[in-house]
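Source: prediction; values computed, not measured. The sequence lines fix the lettering, A, B, ..., with proteins before strands; numbering per chain opens at 1.
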Amino acid sequence: MIYRRGNLFCVRIFIAVIFFSFLSVHTYAENESLYTDISGTVSFEHRGYLDDPAYNGQRSSLTSVTANVTFYFEDENYRSFTLTPNLRYDAVDSARNLADLKEAYFLTFGDIGQSEWELRLGFDQVFWGVVESRNIVDIVNQTDVADHPDEKSKLGQLMAHLTVTGDMGTLELFAMPFHRLRTYPGTNGRFRSLLPVDNDRATYESKHEEKNVDWAAQYSNSIGLLDFGISTFYGTSREPKLTPSDDGVLIPHYETIRQYGLYGQVTTGPFLFKLEAIDRRGASNLFGQKENYKAYILGAEYGFYSIFDSQVDMTLFVERTYDTRKSRATNAFEDDIFLTSLFTFNDVNSSEFVVGTLISRDRESQTLALEFSRRLTDEWALEIDSLFVLNAKETDLVLNPVENDSFIALKLNYSF
Amino acid sequence: MIKISLSYIQPKFLIRILVCLLFSMQLTLSAVGQTPEETGLEIATEAREKERGFGDSTAKLKMILRQKSGQESERELRMKTLEVEGNGNRSIVVFDRPRDVRGTALLTHVNLNDSDEQWLYLPALKRVKRISSSNIAGSFMGSEFSFEDMKSAEVNKYDYQYLRDEGCGELQCTVVERYPTEKGSGYTRQVVWRDKDELRIWKIHYFDRKESHLKTLTFSDYKLHEDKYWYADFMSMVNHQSGKSTDLVWSEYEFGTGLDEKDFTSTGLKRVR
């Protein structure tokens, strides 16, 4: 059974949170011992694509400005309210425009005996995982795919998040009453297939649609050299099944899934060993058929310090990614080797250079990423970001549609 | 005559002589019976003991990085420190400037008999990352201070040798050489000047793996906190090989701020401001 998404609800929640926030902040502000702080980053990005577009409507570049500003308020009991709107304007692809609440949460904490509890209520971001290629266990927040094809940007998630920390480790419980739609590049944008995704027609498996309450829990601990966590999620998947419509768009359908996750890291001297593994049930594969699957990523990291007697450190990451769906997997990490080298120059400008590649073993395709960043002044920083699709066979249904979308981007960040 | 001589053997006088004798004997014994290694260790142990008992503290730190050309850049950070009974300190460093790393925080658990544990908090991703603590010789924020220079010097992480006493300014100093035992240290040895009154460090010479004099750290503007702890408000590290230098300016020391172990966990690290 398929249910349509109620459009207005999202807008209503958004307005309610902002209104409630300002009301609370106003009430707080009358208290003299309130600590306030404003910080943020404004980014200007221009991305140039190297090849001609493959599909109608696509452009050869992208220009956008993003603002992330955090307003922080804390009272004398360390209770705090954090508000971070994340706004993005794209001059080329309107589907990349974004008005998100990355953070809008109240935080309070206290003691119970030898343990401590912490409660966060509102929109927030959570990170789970240890590897660098793709954090498969990380499931709480929706992905902002429109922002960057590396799928590492996230949207804020409305949640009640309770943490209890003690000698026995850390237990976290999440109740998430409102689902966010995954963002996708629009008709003018790159990194899409022939058919653009139409979010206005998104549907849900749950009869409560986006108002379905999703649940998650994680237990984590750090024992000597080992850091680990086990997690579970039950609710509406963050990743939709995409089905072509008769009028030439992809319609997202969000299924109800259950996921079990495990991560671990052993930190021994300059050597780090990492594992992420999941078991997901109830999701569809690349061909739209329900297929339960398991996926794992095994990784190692090694730090070479002061290479060639210079100030430069080099960190090498090697990861093996695997998905039991293989060619039916919905991402590019189905059976791959991820090799990345990070050069940290340890200079005054914190210059960094990253070269990384993802080599698919069964789809025989390869991508290459080159990144450089350095500080220009106390407030301004420069980033050069590039991604090259080197080789994508026609049989690779994930990378072949984007084989013309290699790009070089220049980013200027102003932080305050 | 006898009467007079008898006054010499009055009990009060005898005791005085005895105390004098014993005292000089003890001095001679310690000078003769203690090796330079033992004297060096004793000074380091006593100095570390004097630092203990503060509980917890917070402070602000400004770093001024100077290039050979004289060009300067600044870093601003805040330090939160918790003393742990029977083990090394726990600390959180929060970066305020440069602005691109604002909110980034580094949690360190110093272990006396094991390698340290470190977690880095990246606020943009809200990610806590357990990182390798073995790059102790690496530069701290591009400055002339390495990670090992920034840590509190735990007694058992060095071997010692007492060299000599000498005047340092208006004070008398002991000069002790110490040899890092921690794996990955960038130094073969360090020479430490401490005054005899309060065991405050005034100068450290650092010698690199090639045995050449790499850096000199000088301390000044010592202030007394909580009637007990001497902290230098100003430290200057000069790299003799590169010509670069870094100044540390400490301010706003506070003690007994209510920090406890729960603030120095990865959950606490995510809350840090």
Shortest non-hydrogen contact between [X] and [Y], atoms and distance:
X: A:Q311; Y: B:S139; result: OE1-CB, 4.2 Å
X: B:V101; Y: A:R375; result: CG1-NH1, 4.4 Å
X: A:P270; Y: B:S134; result: N-OG, 3.2 Å

So, A:T267 side chain and B:I131 main chain: donor-acceptor pair closer than 3.5 Å or not?
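No, the answer is negative, given that no donor and acceptor are paired below the 3.5 Å cut-off.
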Counting N and O atoms only, with roles assigned by atom type, does the side chain of B:R99 sit under 3.5 Å from a partner on the main chain of A:Y414, one being a donor and the other an acceptor?
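It does not hold such a pair.
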Minimum side-chain heavy-atom gap [X]-[Y] below 4.5 Å:
X: B:R130; Y: A:S222; result: yes
X: A:E103; Y: B:K126; result: yes
X: A:T82; Y: B:R273; result: yes

Return yes when atom [atom1] of [X] has more than 12 non-hydrogen atoms of other residues, nucleotides or ligands closer than 6.0 Å, and no otherwise.
X: B:K157; atom1: NZ; value: yes
X: B:K151; atom1: NZ; value: yes
X: A:Q114; atom1: CD; value: no

Could you state the interatomic distance from [atom1] ([X]) to [atom2] ([Y]), rounded to the nearest 0.5 Å?
X: B:L65; Y: A:D347; atom1: CG; atom2: CG; result: 10.5 Å
X: B:D100; Y: A:S373; atom1: CG; atom2: OG; result: 8.5 Å
X: B:S132; Y: A:Y302; atom1: OG; atom2: OH; result: 9.0 Å

Given heavy-atom pairs under 4.5 angstrom as the criterion, report whether the side chain, backbone, both or neither of [X] touches chain B.
X: A:Y72; result: side chain
X: A:T70; result: side chain
X: A:N68; result: neither
X: A:Y78; result: side chain
X: A:S39; result: both

For chain B, find which of A:F416, A:Y305, A:W380 contributes the most heavy-atom pairs closer than 4.5 angstrom.
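Option with the greatest count: A:Y305.
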Please list all pairs passing the salt bridge (Lys or Arg N to Asp or Glu O under 4.0 Å) test where one or both residues lie in residues 106-116 of chain A, with sequence neighbours left out.
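Listed once each, the pairs are A:D111-B:K262, A:E116-B:R271.
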Just jot down the side chain to side chain donor-acceptor pair (under 3.5 Å) partners of B:Q190, sequence neighbours excluded, or say none.
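Applying side chain to side chain donor-acceptor pair (under 3.5 Å) to B:Q190 gives B:R178.
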For A:D313 and B:N135, does a side-chain donor sit closer than 3.5 Å to a side-chain acceptor?
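Present: a donor and an acceptor within the cut-off.
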Is it the case that the side chains of B:T267 and A:T165 hold a donor-acceptor pair, with the cut-off being a distance below 3.5 Å and no angle test?
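There is such a pair between these side chains.
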Any idea which of B:K270, B:H109, B:R127 has the most non-hydrogen atom pairs under 4.5 angstrom with chain A?
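The residue among B:K270, B:H109, B:R127 with the greatest pair count is B:R127.
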Does any heavy atom of chain A fall under 4.5 Å from the side chain of B:K244, the backbone, both, or neither of them?
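Contact with chain A involves the side chain of B:K244 alone.
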Is chain A contacted by the side chain of B:E261, its backbone, both, or neither, given a heavy-atom distance below 4.5 Å?
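For B:E261, neither part sits under 4.5 Å from chain A.
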Using the rule side-chain contact (heavy atoms from CB on, under 4.5 Å), only one of A:N349, A:T377, A:D378, A:V348 pairs with B:S73; which is it?
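Only one option passes, and that is A:V348.
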Report the C-alpha separation of B:R102 and A:D37 in whole Å, then their side-chain angles, then the decisive distance to 0.1 Å, and conclude whether the salt bridge (Lys or Arg N to Asp or Glu O under 4.0 Å) test is met.
CA-CA 12 Å; B:R102 185 173 183 179; A:D37 181 48; 2.8 Å; yes
Could you please spell out the steps behind the side chain to side chain contact (heavy atoms under 4.5 Å, CB included) verdict for B:W119 and A:D227?
CA-CA 11 Å; B:W119 293 263; A:D227 288 60; 3.2 Å; yes
